[in-house]
Structure formats: structure tokens, C-alpha cells
2 protein chains.
Amino acid sequence: MNSRRTTVRDVRRTNRSALLSRLFLDGPVSRLELSRLTGLSAGTVSNVTGELIDEGVVVEAGLVESDGGRPRVLLRVDPAYGYVIGVDVGPTRVRTELFDLSMRALATVDRPVGAGDPDPGTVAALVAAGVREAVAGADVAAERVLGVGIGVFGTVERGRLALVHAPTVGWDAVPLEALIRAGTDLPLFIDNGAKTLGQAEMWFGAGRGARHAVFALVGSGVGAAIVTDGTTYQGTSSSAGEWGHTAIVYGGRPCRCGGRGCLEAYVGAQSLLDRYGAELPGDEEARLAALIDAADRSAAADRLLDETAGYLGVGIANLVNLFNPERIVLGGWAGLALGTRLLPRIREVAAAQALAHPFSEAAIELSRLGPDAVAMGAATLPIAELVARGGSRPPVQASSR
Amino acid sequence: MNSRRTTVRDVRRTNRSALLSRLFLDGPVSRLELSRLTGLSAGTVSNVTGELIDEGVVVEAGLVESDGGRPRVLLRVDPAYGYVIGVDVGPTRVRTELFDLSMRALATVDRPVGAGDPDPGTVAALVAAGVREAVAGADVAAERVLGVGIGVFGTVERGRLALVHAPTVGWDAVPLEALIRAGTDLPLFIDNGAKTLGQAEMWFGAGRGARHAVFALVGSGVGAAIVTDGTTYQGTSSSAGEWGHTAIVYGGRPCRCGGRGCLEAYVGAQSLLDRYGAELPGDEEARLAALIDAADRSAAADRLLDETAGYLGVGIANLVNLFNPERIVLGGWAGLALGTRLLPRIREVAAAQALAHPFSEAAIELSRLGPDAVAMGAATLPIAELVARGGSRPPVQASSR
DNA sequence: TCCGATAATTCAGCACTTGAATTAGTGGCG
DNA sequence: CGCCACTAATTCAAGTGCTGAATTATCGGA
């Protein structure tokens with residue numbers, strides 16, 4: 001039901017894109033295998049890969065032995081063809097990483113934002129500075145940077161310029177993209193941090209190979225990334241996936257979003273610690289770890305965790321019934337800490353609450369990459385764009401500069 | 001990130017499909033307008049429409065006046081090119097309708113299934129018989145029937161042959177498609193009834209023009225159809241959208257699905273009537289109407305309805321936060337009856353519970369087509385297939401039979 | 001009857017894939 | 001040492017399809 005025109009040239013773009021995608025995700029592959037993987041004829045594969053090699057996107061990478069017969073030449077994306085930057089913008093810190101195209105981190109810059117509610121201008125300046133430092137630190141020419149992906153806390157409203165909403169820290173339609181653009185000329189890709197983390201798991205972690213998956217992320221707050229048909233679902237204005245603010249207890253605990261009975265008010269780390277009552281030392285992560293540790297001795301802590309497993313299980317059952325995914329991945333720093341101990345119980349509860357049939361299709365797993373993959377996931381955004389374009393063919397008319 | 005090969009011929013198929021889609025949905029259109037709508041050159045439009053006219057799918061339909069200049073010729077899909085059948089399979093009745101391609105109903109067959117839990121064999125036989133009667137009743141040659149779309153209660157697991165799960169009436173993996181195929185040779189398209197109803201609203205009702213919409217259907221039970229990017233979201237095995245069985249009251253009322261606190265256990269018509277306590281006469285629909293009517297006089301009924309608006313509002317807020325749709329359409333026979341009275345209150349509750357930003361993007365409306373559109377929506381399934389194929393071009397090698 | 005205006009068709013030029021034929025590398029065997 | 005069987009990669013004619021410009025069709029008005 002689409003209505004974009006299609007011309008013969010789109011065929012090439014689509015096929016370049018399909019080949020690049022295989023090359024990028026399935027590591028070194030021979031032309032013959034590419035032909036099998038994409039269904040394209042050997043002639044076309046030869047033709048297109050030749051073009052990609054000429055352009056420098058793809059390089060040959062050794063031979064595969066054969067027992068009698070011409071050996072296959074392996075191809076792969078040249079890791080040094082370009083570089084991408086991923087930024088994890090949290091409420092308390094900005095972390096910038098520069099990767100080559102094999103996703104090796106070549107530079108990392110980590111900066112605290114300072115106490116209190118983060119100031120948009122400060123955050124934007126930290127991002128721009130982080131990008132400059134990462135480029136300098138990795139000793140890479142700025143022209144070779146394909147783009148900067150940014151994963152932000154809060155929901156991102158994608159219009160001509162992205163706006164960020166994060167009521168809990170007083171951000172209402174903050175023009176973050178405009179602010180950052182003032183400090184850098186590189187192409188910017190902004191999305192919610194939960195979604196970029198989901199993207200990372202999808203490409204390199206627990207989501208590999210899945211068509212439909214939901215990444216349930218529990219940190220101080222609770223979010224989710226919903227992948228349908230291989231792509232992250234955005235909704236009308238990119239704010240889809242606010243799983244943490246779905247009500248699970250009608251008329252229940254007030255949530256910091258203003259609603260009542262939201263999942264986040266029951267399983268978010270902040271809420272958990274609030275409900276525990278007893279004072280614990282250290283930052284949020286240390287306190288949650290202490291709480292989990294205490295469960296072996298303290299009945300109160302144990303009961304609290306058991307309740308949490310119940311809420312999480314029901315929340316996950318809701319996802320199963322609504323999305324019928326083949327995989328549900330529990331992540332986020334608190335999600336991992338809780339899941340490591342509670343996963344069996346969570347599965348149990350979900351099994352009891354979800355409909356039998358969709359539940360039988362859904363594998364419930366823990367995140368593989370850990371919560372630090374937000375930046376890496378963000379860095380995949382410019383790569384995805386490159387692949388979708390079919391690798392940047394030089395513009396038709398080579399201008400003189 | 002797809003990996004299907006693309007050839008030059010796909011270009012034609014895609015463009016035929018785009019043109020047919022415009023012709024089908026935007027009624028009579030001139031070639032020039034088609035060119036503007038699809039972005040295709042005038043030459044291609046001329047070429048392709050010529051082909052479609054030769055094949056009989058499209059016909060000319062009058063001229064549009066001009067003040068000086070050659071008048072535009074209007075084109076439209078020939079309503080008599082083919083016919084489609086839609087079947088609404090409910091637990092108590094099977095309703096079969098035959099439509100021409102302008103969606104005019106030419107024949108309707110309505111049959112009760114009989115009391116008690118429906119027997120799969122009986123239902124399948126009723127469908128097959130209904131199809132035969134409709135074809136005979138409309139006096140249409142069976143070869144001209146493009147296909148039969150079937151909207152079923154319960155979730156549909158789409159594999160090689162569709163299976164139906166409906167635990168509430170004891171259906172577990174009923175091979176409905178196989179059973180019906182035994183009684184007819186026509187192409188079959190089976191989907192959940194809520195989804196076909198959503199499809200009908202999407203094409204002809206409250207969903208027109210929306211990219212992202214959720215159709216929330218309340219009848220005896222509760223279901224939903226989720227439209228993302230213009231197509232109904234199916235999930236891994238087509239069982240997505242079980243909104244009725246998402247928990248909204250943790251540990252709440254037991255639901256007939258076996259879970260606890262499901263939305264259906266609070267707002268489904270059956271549950272509402274159960275909770276009302278007082279005995280009412282007539283069938284479910286009459287009793288619900290009586291309950292709503294009583295609310296003006298009875299404090300108990302009024303309170304029950306107000307509670308229901310609360311649950312529905314929160315349930316809808318969950319949809320808003322999770323899907324960020326541009327439209328939420330409340331339908332189903334009970335949904336319409338309740339919504340007519342309660343919509344303002346439902347909107348109020350949803351506004352209070354949902355996040356401000358996604359809520360501001362979502363229009364909450366009532367269904368336009370009423371609950372009888374299940375069959376019509378089912379009938380769009382074969383049409384959608386026809387359009388996606390680009391209108392059936394005759395097979396390359398015309399066989400001798 | 002001719003003219004200006006708008007719509008539709010025709011066609012050369014170009015982009016692309018396919019499948020068959022051809023060329024390119026390897027190891028084994030006589 | 002040279003030939004052969006085998007597998008991989010490249011080349012190329014044939015076929016399909018879109019575009020943009022030129023051409024043709026069809027109107028109203030002077």
C-alpha cells in the first residue's frame with residue numbers, strides 16, 4: 001500500500017544495500033555465498049561487489065581453502081572505510097565512543113554532567129566536545145566520520161530537528177539536536193537510549209536473527225525497545241515503547257510521570273529502593289546490589305524481590321500477549337542485576353499470566369551486551385543509514401568542491 | 001536490512017501495485033493525477049494503465065470537464081472484474097457476504113451455529129455452504145471470485161494452514177483452514193476477526209489515512225488490531241494484539257483466559273454484566289443496553305459504568321504510551337454502546353494517565369462502521385493480495401488447462 | 001477554421017539483472 | 001611435468017522497464 005515510485009535505479013540501490021548488509025552482519029563472506037544468501041545471480045554479485053571494492057567500502061580478506069578447485073575470495077567491509085561515533089547521553093554523564101566499521105572502539109570519552117537536573121546547553125556542549133575529543137584521540141580525519149548517533153534518556157520527538165521530553169528532570173521539548181548542531185557539522189542521528197541499546201542487542205547481542213523482539217530495560221526508570229519485522233518501531237513521533245509507563249496496578253502507586261500504577265513505580269530501581277525503606281550506602285547501583293545481596297539473609301528484602309519478579313513477570317506477559325515476539329530480552333543495569341537472580345521466577349509468573357500460545361513462541365532471555373552498549377547501539381544508526389543508501393555512491397555530478 | 005533479491009521486473013510489479021492501490025482507494029482518478037500521486041512519469045502511467053485496461057482490471061469512467069484543453073479521462077477499478085467474499089465467523093453465528101470490487105454487498109448469508117461451544121466441523125461446513133450460497137445468490141461465476149477472507153473469533157496461528165486457538169470455547173489449535181478447504185476450492189485468507197474489523201476501518205472508516213492506529217474492540221471479550229506503518233501487525237505467529245489479556249490490575253479478578261486482572265475481566269461485556277449482579281432479560285446485547293439505560297436512574301449501574309470508563313481509559317493510555325499511534329478507535333458492539341455514553345470520561349482518564357506528549361498526538365474516536373464490518377474487512381484480504389501482486393498478470397506460459 | 005491549452009502516447013536512451021559461455025585458479029594423478 | 005577435473009569469478013547478449021522529450025489527441029474560443 002505504499003506509493004513511492006520505483007525506477008530501475010532503485011533496483012541497484014536495493015541490491016547494493018542487501019549485499020552490504022550481508023557483508024556487514026555476516027562478517028567475511030565469499031561472493032558465491034553472497035549469491036546464495038541474497039538470491040542474486042553470480043554475475044550481479046560480481047558486478048556490484050566490484051563497484052563496492054572500487055569505491056573502497058569493501059575489501060578482499062583472504063581466501064578460503066578448497067580441495068581441488070579455485071579457492072573462494074572472502075570479502076568484508078573495510079573497517080577503515082569510515083568511522084562512526086556513538087554517544088550515550090544519560091542524566092548524569094555523557095559517554096562518547098568512536099568506532100571503526102568493525103565496531104572496534106578506538107576512543108572513549110566519559111564526562112559527568114554535574115549534580116542536579118541536567119542543563120540542556122551543558123549537555124549539548126559536552127556532546128560536541130566529546131565528539132571532537134574522540135576524533136582527536138583516535139587520530140582520525142574528521143571527514144572520515146560518517147555520522148554521530150546519540151542515545152538520549154527521555155523520549156525523542158523526531159521532527160525536522162529532534163526534541164527531547166524528559167518530565168522527570170524538567171526537560172520539555174528541549175531542542176537538543178539544534179543545540180548540538182551548533183557545536184559540530186557531522187551528520188546527527190538522535191534516538192532514545194533504550195532504543196539504541198535494543199539496536200545494539202539486535203545486531204550484536206541477544207536479538208541476533210530475530211524478526212520480532214522486545215527489549216525490556218530496567219534501570220533507574222523502565223523503558224523498552226520494540227523491534228517489529230527487524231526494525232525498531234517508532235510510532236507517530238518516535239515515542240513508542242514507553243513500557244515503564246503502562247499501568248499494571250489500576251489506581252496503584254503514583255508514578256513520577258504523573259500517572260498511577262505504572263510498571264516503573266514497582267520495578268524501577270529508584271522505586272525498589274524507596275520501597276525497601278532501610279537506608280543503604282553508595283550510589284543507586286551499589287544500593288540495589290546490596291539489596292539483592294541482602295535477600296539471602298533478610299526476609300523483607302527477599303519478599304520485595306519476589307514481589308518484583310511478580311510485577312516483572314506480569315509486565316512481560318503483557319508484552320507477550322500484545323506483541324507476540326519470538327524473543328524478550330531483559331536488560332538495563334537493574335534488569336541484569338535482578339534478572340540474574342530472578343529470571344526463573346519471572347518466567348514462571350509470565351507463563352501463568354500470558355496466553356499459552358504466544359507464550360510458547362517467546363524466549364525470555366537476559367541481555368548479552370550489558371548496559372554500556374547504548375553508545376555502541378547509537379553508533380549503528382549512521383551505519384544503518386549507510387547500508388540503507390547502499391553505501392554512498394558518489395553523487396552523480398562530482399562538484400569541484 | 002532485508003535480503004530478498006530485486007530484479008528489473010519487480011519494478012513493474014511495484015509500480016502496478018502502487019497504481020492499483022491509488023485507483024482502488026482514491027476512487028476514479030485521471031492518469032495525470034495518478035502520475036502526481038505516485039511520482040511516476042506520465043509515460044509510465046499511460047503504459048501501465050493501458051496494460052491494466054487490456055487485462056480488464058481497470059476501466060475508463062467518464063471525463064472531467066476542462067475549460068479549454070483536452071479533458072482528463074477518469075480511471076477506476078472495474079467493480080465487476082472480480083468478486084470477493086468475506087466471512088464473519090463468530091462463536092454463535094457465521095455470516096457470509098459477497099462483494100464486488102467497489103465493496104457493494106451483492107449477497108448475504110447468515111446462519112446460527114447452534115447453542116453450546118461451537119463444533120469446528122459444523123462451523124467449517126457452514127462457511128463452505130455460506131460461500132456456495134452467496135455465489136449462487138449473487139449469480140456470479142465461481143471463477144470470478146478472487147478469494148474468501150475469513151475473520152474468526154480467537155487467535156489465528158498462521159502457518160502453512162491456519163490454526164485457531166480459542167480457549168474460552170475449547171478450541172485448541174483447531175485446523176479450521178484445512179476443514180474449510182475440504183468444502184471449497186477458492187483461495188482462503190484467514191485472520192482474527194478483530195484484525196479484519198480493523199482492516200475495514202482502516203480502508204473505509206475511522207482509520208483512513210492513518211499510518212499508525214490501534215483499533216480497540218470491546219464485545220463479549222476484548223481484542224485489538226494494531227496497525228503500524230499502514231499494515232496490521234501480526235507478530236511471530238499472528239497472535240499479536242491481545243489487548244484484552246493484558247493485566248491492568250495486578251493480582252486482580254481472575255480472567256477466563258486463566259490470568260488475573262486482565263482488561264477483559266473488567267470491561268468485557270460478559271464481565272460487566274456479571275459484575276452488575278441484577279438479572280436482566282434478553283441476550284447479551286440487550287442486557288448491556290439495559291444496563292447503560294439504567295445508569296440514568298440506578299446509582300449502582302452509574303457507578304459500574306464510571307468504573308468501566310476508568311478501566312478503559314487506563315487501558316487506552318497504555319496503548320498510547322506503548323504504540324504512540326495517531327489514532328485510537330474504540331469499536332465492537334459493546335465498545336460502541338459504552339463509548340457513545342462514556343467517551344468524554346474515557347478521554348479524561350486517558351489524558352490523566354498517559355504521557356503528555358504521545359497523548360497529544362493521539363486522537364481517540366469511535367468506530368464508524370459498526371461491529372458488522374468484520375465480514376467486509378475479511379473481504380479486503382483477497383483484495384489486498386491482488387493489489388500487492390499488482391493485479392494478476394496472466395502467468396508467463398499460458399497452459400492449455 | 002485555426003489557435004492556444006491541456007492530456008495522453010510514443011520512442012530513443014539508459015540502467016539493470018539474468019543465464020550461458022568463458023576465463024581463472026587449485027589440487028591430484030599418471 | 002603436464003594434463004584433467006573441479007570450483008569460482010567474469011563477461012556479455014538478451015530482455016525488461018523507466019524517463020524525458022517529442023508527438024499526437026482532444027477540447028474551447030475567436
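Here is how names work: the chains are called A, B, and so on, in the same order as the sequence lines, proteins then strands, and each is numbered from 1. Quantities reported herein were computed from a predicted structural model and do not represent experimental measurements.
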- Task: Output yes when at least one side-chain N/O atom of Arg5(B) is less than 4.0 Å from OP1 or OP2 of dT18(C), else no.
- Result: yes
- Query: Once you round it to whole Å, what is the distance between P of dA8(C) and CG of Leu75(B)?
  - Reply: 8 Å
- Task: In whole angstrom, give the distance that lies between atom CG of Leu74(B) and atom C1' of dA7(C).
- Result: 12 Å
- Please work out if Val45(B) contacts a base, only the sugar-phosphate, or nothing of the nucleic acid, heavy-atom cut-off 4.0 Å. nothing
- Query: Tell me: CD of Glu33(A) to P of dA9(D), nearest whole Å?
  - Reply: 10 Å
- Nearest-angstrom distance from the residue atom CZ of Arg12(A) to C1' of dC14(C): 13 Å
- Message: Nearest to the Asn15(A) side chain among dT26(D), dT17(C), dT26(C), which nucleotide is it?
- Response: dT17(C)
- Which whole-number value in Å describes the distance from Arg16(A) CZ to dC16(C) P? 9 Å
- Message: From CG of Leu34(B) over to C1' of dA7(C), roughly how many Å is that when rounded to an integer?
- Response: 13 Å
- Phosphate OP1/OP2 of dT19(D) contacted by Thr44(B) side-chain N/O (<4.0 Å): yes
- Item | Per Leu40(B) side chain, nearest of listed nucleotides dT19(D), dA9(D), dT18(C) | dT19(D)
- Message: Could you check whether Asp10(B) pairs with Arg5(B) (Lys NZ or Arg NE/NH1/NH2 to Asp/Glu carboxylate O, under 4.0 Å)?
- Response: no
- Message: Can you work out whether Leu63(A) or Ala42(A) has the more 5'-proximal nearest nucleotide on DNA chain C?
- Response: Ala42(A)
- Message: Applying side chain to side chain contact (heavy atoms under 4.5 Å, CB included) to Leu40(B) and Leu34(B), what does each step give before you reach the verdict?
- Response: CA-CA 8 Å; Leu40(B) 289 166; Leu34(B) 282 174; over 6 Å; no
Listing, residues 380-387 of chain A side-chain donor-acceptor contacts under 3.5 Å, not counting sequence neighbours, or none:
unit_1, atom_1, unit_2, atom_2, d
Thr380(A), OG1, Gly377(A), O, 2.5
Glu385(A), OE1, Arg389(A), NH1, 2.6

- Check whether any side-chain N or O of Arg70(A) sits under 4.0 Å from OP1 or OP2 of dT26(C), and answer yes or no. no
- Note on the structure: From CZ of Arg13(A) across to P of dT17(C) the rounded distance in Å is 12 Å
- Task: Respond yes when some side-chain nitrogen or oxygen of Thr7(B) is under 4.0 Å from OP1 or OP2 of dT17(C), and no when none is.
- Result: no
- Item | Interatomic spacing from CZ in Arg208(B) to CZ in Arg327(B) - rounded to 0.5 Å | 10.5 Å
- Message: Students often get this wrong, so: under 4.0 angstrom with heavy atoms, is Asn47(B) touching a base, only sugar-phosphate, or nothing?
- Response: nothing
- Message: Rounding to an integer number of Å, can you tell me how far Leu32(A) CG sits from dA24(C) P?
- Response: 19 Å
- 5'-most contact on DNA chain C (nearest-nucleotide basis), Gly69(B) vs Val8(A), goes to Gly69(B)
- Ion pair check, Arg16(B) and Glu51(B), cut-off under 4.0 Å: yes
- Describe the nucleic acid contact of Val11(B) in one word from base, sugar-phosphate, nothing, applying a heavy-atom distance below 4.0 Å. sugar-phosphate
